[in-house]
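Here is the structure we will look at, set down as structure tokens.
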Amino acid sequence: MVFYALSAAGVFFPALRMRRLFWKAGCITAVAAWLFHWLGAFGFPLQTMFEIFLTLGMLLGPLSWFCRRWMGMTDPLSEFAEGLLGFCILFPAGFVFPEHPRPLPPALQSPFFVPHVGTYMFAYILLAHAAVQAAGGQFAAPYQREQRAYRLVSLAFPFLTLGLVLGSIWAKIAWGDWWSWDPKELWSLGCWLVYLLYFHWRAWMGSRFVKANLWMIIIGFLFVLCTLLWVNLSKTFMGLHNYASFE
Amino acid sequence: MKKHRFWRLASVILLGSWVVLCVFASFLGSQTAASFFQSGPLTLFWFIWVFFLLFSLLNPKVWTKPFLLLLHLGTLFVFAGGLWGSPKSFDWRNRFGKAAEIAKGYLILSEQEETNKVYDAAGRQIGSLPFDLCLEKFTITYYDLPSLRLFDKNTGQNLCTLQQIPEGPVELEGGLRLEVLGRYKNLQLRRQQGRPVPAEGPAQTRNPGFELKLLWPDGTEEYYYVWEQNGFRAPPSNRCIVSYSAPQMPRQYESRVTVRQNGKSSLHFIRVNRPLVYGGYTFIQQSWGEDEKGYCSILGVVSNRGFPAVLTGYCLLMVGAAGHFWLVPLIQAVRKERHHSD
């Protein structure tokens, strides 16, 4: 977390020349922490909110590297975003959520558990990157940033679809219904639909309303945050997906 | 051109309204949300989607992009399968002369009991299966073990910790001998001639407990009554404190059932995440309870109608999404790269 914060700060303070080194140290530390937790956990660490955020922190490094290498995201905004995301993801894991591992309840003992949650984690990291590009595009280089955000959302969308499909098949096996209209299911479907709406809108309008395109990506990410945080932590939404709640 | 604009606009409006409906329904709770999405007006909304997707296939542009076609076809299959297997569709078919079919219900089975009667969530019988199910045994396994502990009342020293309730007498350290005289689902103590006598209370209340006898090396016999939830009871002269904690973390629930149809029978195991698929239905380990005979298992029964369509739809959707968003851009990028290098 500290390494990621320093790497983000390095964008503004050129004196901190080691920002790439800080970023690499952040990635290695997150992967090491995740592996260490996995060794003491009851299964693959994706059950509690602590484990979810730790896994997100672990995935951030490799996925950010992928974005740098294959999408040319080496500008200061992207580098700042990587550090900031690392800090924001690992902060709750370090200071908010309890870390003690819990044994898997019978409902989560399924071969679908890891692929279902894992694909969502991939999608969420990529969509977070897209949202940062979209937010940056509101201030400078909107066309370039929109193009980049579009490529990121395109990369994330099949993961999001796979997560939804695997969840639905798992629900059919475990609960008998493809779909239970549970708050978490509805928010994740809403999230998928917002990005689908973005694709339809973009296919129709192209770059004519580039700011509207960017706003849709930001709204999509707000849906991601609601699905991941609000639905799990708020008492407003009680449903079948309360395994990952605060306790 | 105008037609093209109409379809684009319609797709955006339909998707937008679906997003709004999702957000609205998330505040209703899953049961109310399910009724809401299965209500008349919303059924119309789903049919509009089906027709819209069907018409989208008439767009020649869709046919030039095979993965986009798969995406739309997949969604159509999911909608069609979902509607075909929905409770509303069962209602209509049952209403218009078809034989009564069960969309979803519950089987309540006591151990060694056979039934084919299916109930709804309110406990009303909604139909019968064309075969019988007999619950041979219901088992719960736990991550943690039970723990029976004895402490010295004066020194607080732990005299023994047993990780299972012994069937017969056990010799403990220091020459102590422990014997479980009785196990009760609802342990109640009644006074007879000034002495507490253990008895089984009414079956509808669960308050498990044990009667223990402790034999000291000096030949003194002490009797203890220990509950899972209510501590223990013993004469003041007894020298020990006893505690019992039941296992708390279930690992798995399992029903061993025999299916009997036309004189043939077959044995199956139903666990959480390991349902039984038989005779067009899926049987799910839903819940459990206890009655005077022992455990009873509550199995969810769901019709498999529409299953192949939905599964095909999901496969098409995934192939379409991966092809359209990953494969096609990758091929385009490679071609562009080659073009530049040429």
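Each chain gets a letter, A, B and so on, in the order the sequences are listed, and its residues count up from 1. Side chains are part of it too, since the values below use all heavy atoms of this structure and drop only hydrogens, waters and symmetry mates.
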Compute whether any side-chain donor of one residue and acceptor of the other, for [X] and [Y], lie under 3.5 angstrom apart.
{"X": "B/Asn59", "Y": "B/Ser56", "result": "no"}
{"X": "B/Ser89", "Y": "B/Trp84", "result": "no"}
{"X": "B/Tyr314", "Y": "A/Ser168", "result": "yes"}

Top contributor to chain A interface from [options] [non-hydrogen pairs under 4.5 Å]:
{"options": "B/Met249, B/Gln252, B/Arg251, B/Gln31", "value": "B/Arg251"}
{"options": "B/Phe307, B/Trp18, B/Phe325", "value": "B/Phe325"}
{"options": "B/Pro250, B/Ala333, B/Gly313, B/Gly320", "value": "B/Pro250"}

What part of [X] gets closer than 4.5 Å to chain A, counting heavy atoms only: side chain, backbone, both or neither?
{"X": "B/Trp326", "result": "side chain"}
{"X": "B/Leu28", "result": "neither"}
{"X": "B/Phe36", "result": "neither"}
{"X": "B/Ser303", "result": "backbone"}

Charged N-O contact under 4.0 Å between [X] and [Y]:
{"X": "A/Glu146", "Y": "A/Arg202", "result": "yes"}
{"X": "B/Glu254", "Y": "B/Lys137", "result": "no"}
{"X": "A/Arg145", "Y": "A/Asp75", "result": "yes"}

Specify which of [options] makes the most heavy-atom pairs with chain B at under 4.5 Å.
{"options": "A/Phe157, A/Trp192, A/Phe159", "result": "A/Phe159"}
{"options": "A/Ala174, A/Pro103, A/Cys191", "result": "A/Pro103"}
{"options": "A/Asp177, A/Val194, A/Leu164", "result": "A/Asp177"}
{"options": "A/Cys226, A/Ala203, A/Gly190", "result": "A/Ala203"}

Candidate list B/Gln286, B/Arg271, B/Gln285, test side-chain hydrogen bond (donor to acceptor under 3.5 Å, both in side chains), partner B/Ser255, passing option: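 The residue from B/Gln286, B/Arg271, B/Gln285 that satisfies side-chain hydrogen bond (donor to acceptor under 3.5 Å, both in side chains) with B/Ser255 turns out to be B/Gln285.
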
Below 4.5 Å, heavy atoms only, C-beta onward: do A/Met205 and A/Arg208 meet side chain to side chain?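 Yes, side chains in contact.
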
Measure distances from A/Leu104 to the heavy atoms of chain B and classify the residue's part below 4.5 Å as side chain, backbone, both or neither.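 For A/Leu104, backbone and side chain are both near chain B.
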
